[in-house]
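Worksheet for the structure shown next.
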Amino acid sequence: MKKLFFVWLGIISFQLHAQNQETNIREALAVYDYETALLLIEQIKEQTPTHWFQKARALRGLNRYKEALHAFQSILDEDPDNQQALLEQAECYKSMGHQQEAVINYQHTLELYPQNKYAWLQLITLLCQMERYEPALAYAGQLLEKDDSNVTLRLLAQCHEGLKQTEAARECYEKIIARSPDDFLAVARLANIHIGHKDMDKAIACTEAYRQSDTLNIYVNRQNALSYCLSKDYKTAAQRYKVLLSQQDSTFHTCYYSGISFFADGQFYEAHDVLKKALDQSLNNVNVLYYLAKACSKTSWKQEAVTYMQEAINLSTPSDSTLIWLYSGLAECYQKAFRFSEYIETLKLQYKYDPGNHRLLYHIATSYHISLKDEKNAILYLEKFLKTRDLPGHKDEPIIDPGEGGVTMTIDNFYNAAERRLKDIRKEQFFKEGVPEKSSE
């Protein structure tokens, strides 16, 4: 009897220990102490699917996504239709940047559980992030048939915006605002659409209507301030931007447009300060440099004004090397499109900025001869090209020339070819025109 009592006591103790262990695991997971949870789970000899799931959650919480994927897959191997494991696995894929795998998981989840709104929302959001707006729109339309909530309408509007269907997006946002005038995201997006259409009055109207109940929402205030700035009501714009700046909004657009507003309102020192912040975020922005220079010229930073304006001019005027590169590309495009007149004119422009590249004269001449059958200009440019042969600094370096089918040639090869072509053209002219008759006296 005594022995039986100790056996029973041992069983009770084991059960209590197991219960305490389960409680400790749940408590560790509840406070995101994932390392402790993993240690406790590893101490359990006979783990159940519940433990596998807890382990997978803990691994995901510690950003150990590959291990978490393996753990969730173990669950799915036993239970292929496990809804929670499918969704958790999709989250792991997203965190790893494996977006297409996450899409497949969400799609599979919806095939099994079409009423799972979370899966719908995550799938549509992910497709929008991938800029796959057409399938996202299709899924959003299907979800709208089941659920016409503001969340769904907002996703539908986002799809329409991605597809440049701004009128459809506008209708979605207007429906949301009609239901929920305090939906600041819908108001901000609607105002952005109006600004895109250059309808500042409507942008101001919808943002001011929202501001009747909330004057501090940063998203609405950005669109409101921008609307006033673009409508050239700089005094009001400056007031609105001061509120944004007081809220520590230091985004590029806020700094840039507040700078324009301050400058136009005669607040030059304030304009200088915010435009400097804008320049720190966009170092080679010509517009920022221009307005910053203008602001400096009105303040004590007059020498800096010259520097900033010169930088703006330098950035606005392409370098010769850039123009050479662009004209070379344009010439090739014209040649491939068999637009030989434009090809020749572009080669001439390229030669203007690359006067040492005398081969261009040869290509102009051959195009006149072969493509346009213009022997007069062909002779003119062949002669121009041959005159460059004795110029100082001439180097006979190997050239891989695309105009000659990618064959490696030297510059002398081109000069020799030009001489032969010029001779052939003159010979053709001789046989066409014959020897000119002597005029009778």
Side-chain angles (χ1 to χ4, degrees), residues 29 32 34 52-53 55-77 79-173 175-176 179-180 183-190 192-193 196 219 251:
L29 289 171
Y32 309 104
Y34 295 123
W52 300 344
F53 195 85
K55 179 180 178 180
R57 276 190 56 206
L59 289 167
R60 187 166 81 84
L62 292 170
N63 298 340
R64 292 162 61 178
Y65 300 119
K66 286 187 178 181
E67 295 170 82
L69 276 175
H70 181 73
F72 284 124
Q73 191 57 53
S74 298
I75 298 168
L76 291 169
D77 289 342
D79 180 10
D81 297 345
N82 189 303
Q83 185 173 190
Q84 194 169 5
L86 283 168
L87 291 172
E88 291 281 0
Q89 196 176 54
E91 296 300 316
C92 285
Y93 280 130
K94 278 200 301 186
S95 299
M96 294 172 67
H98 297 179
Q99 294 176 319
Q100 184 54 32
E101 287 83 351
V103 166
I104 292 170
N105 263 50
Y106 288 131
Q107 289 172 329
H108 184 51
T109 302
L110 289 174
E111 289 172 3
L112 298 171
Y113 307 100
Q115 299 306 316
N116 190 312
K117 184 177 177 180
Y118 176 82
W120 281 102
L121 296 177
Q122 294 303 309
L123 174 58
I124 297 166
T125 301
L126 180 56
L127 288 170
C128 286
Q129 290 172 356
M130 297 168 69
E131 298 185 3
R132 294 174 57 190
Y133 294 111
E134 289 189 1
L137 181 63
Y139 281 114
Q142 292 177 48
L143 178 59
L144 191 66
E145 295 175 1
K146 309 170 186 288
D147 170 43
D148 65 346
S149 67
N150 287 351
V151 175
T152 304
L153 280 171
R154 191 177 295 111
L155 282 174
L156 189 67
Q158 187 178 344
C159 296
H160 284 306
E161 284 195 83
L163 293 169
K164 311 301 182 188
Q165 300 168 357
T166 53
E167 282 303 304
R170 178 187 59 77
E171 291 176 6
C172 291
Y173 290 129
K175 285 180 184 177
I176 294 171
R179 293 177 184 174
S180 308
D183 192 312
F184 66 89
L185 287 175
V187 172
R189 292 307 307 165
L190 178 61
N192 186 64
I193 288 173
Y219 301 101
T251 56

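Side-chain contact between Met96 and Glu101: absent, with no pair of heavy atoms (C-beta onward) separated by less than 4.5 Å. Side-chain contact between Met130 and Val103 is present, with at least one heavy-atom pair separated by less than 4.5 Å. Residues Tyr139 and Gln107 meet the side-chain proximity criterion, which asks for heavy atoms closer than 4.5 Å. Within the 4.5 Å cutoff, no side-chain heavy atoms of Asn105 are placed close to those of Leu87. No side-chain heavy atom of Trp52 sits under 4.5 Å from any side-chain heavy atom of Phe72. A heavy-atom distance below 4.5 Å is found between the side chains of Glu131 and Tyr133.
Note that OH of Tyr106 is 10.5 Å distant from CG of Leu127, once rounded to the nearest 0.5 Å. Put simply, CG on Leu137 and CG on Leu155 are 11.0 Å apart, with the number rounded to the nearest 0.5 Å. Distance check, rounded to the nearest 0.5 Å: CG of Leu185 to OG of Ser180 gives 11.5 Å. Put simply, CD on Glu88 and CD1 on Ile75 are 9.0 Å apart, with the number rounded to the nearest 0.5 Å. One distance of note links OG1 of Thr166 with NZ of Lys164; it measures 9.5 Å at 0.5 Å rounding. How far CZ of Arg189 is from CZ of Arg170: 14.5 Å, rounded to the nearest 0.5 Å.
Looking at Thr152, its side chain never comes within 3.5 Å of a backbone N or O of Asp148 through a donor-acceptor pair. Asn82 contributes no side-chain N or O that, together with a main-chain N or O of Leu76, makes up a donor-acceptor pair within less than 3.5 Å. Remark: side-chain polar atoms of Trp120 are not paired, donor with acceptor, to backbone N or O of Gln115 under 3.5 angstrom.
Residue Tyr32 qualifies as open at atom OH: its count of foreign heavy atoms under 6.0 Å is 12 or below. Within a 6.0 Å sphere centred on OH of Tyr219, heavy atoms belonging to other residues, nucleotides or ligands number 12 at most.
Summarising the geometry of Ile124 relative to Leu143, their closest heavy-atom pair is CD1-CD2, 3.9 Å, with the distance given to 0.1 Å. Nearest heavy-atom pair across Pro80 and Leu86 is O-CD1, 4.2 Å. When all heavy atoms of Ala56 and Ala71 are compared, the closest pair comes out as CB-CB, 3.5 Å. Considering all non-hydrogen atoms of both residues, Gly141 and Leu156 come closest at N-CD1, 4.1 Å. Shown here for Arg60 and Cys92, the closest heavy-atom pair between the two residues is CD-SG, 3.3 Å. When all heavy atoms of Gln99 and Leu126 are compared, the pair lying nearest together is O-CD2, 3.7 Å.
In this model, no donor atom of one side chain and acceptor atom of the other lie less than 3.5 Å apart for Tyr118 and Gln83. A side-chain donor-acceptor contact under 3.5 Å links Asp77 and Gln73. For the residue pair Arg132 and Gln100, a side-chain donor N or O sits within less than 3.5 Å of a side-chain acceptor on the partner. No side-chain donor from either of Glu91 and Tyr65 sits under 3.5 Å from a side-chain acceptor of the other. In this structure, a donor-acceptor pair under 3.5 Å is present between the side chains of Glu161 and Tyr173.
Taking the salt bridge (Lys or Arg N to Asp or Glu O under 4.0 Å) definition, one finds that Glu134 meets it with nothing, sequence neighbours left out.
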Can Arg179 and Leu153 be said to form a side chain to side chain contact (heavy atoms under 4.5 Å, CB included), step by step? CA-CA 11 Å; Arg179 293 177 184 174; Leu153 280 171; 3.6 Å; yes
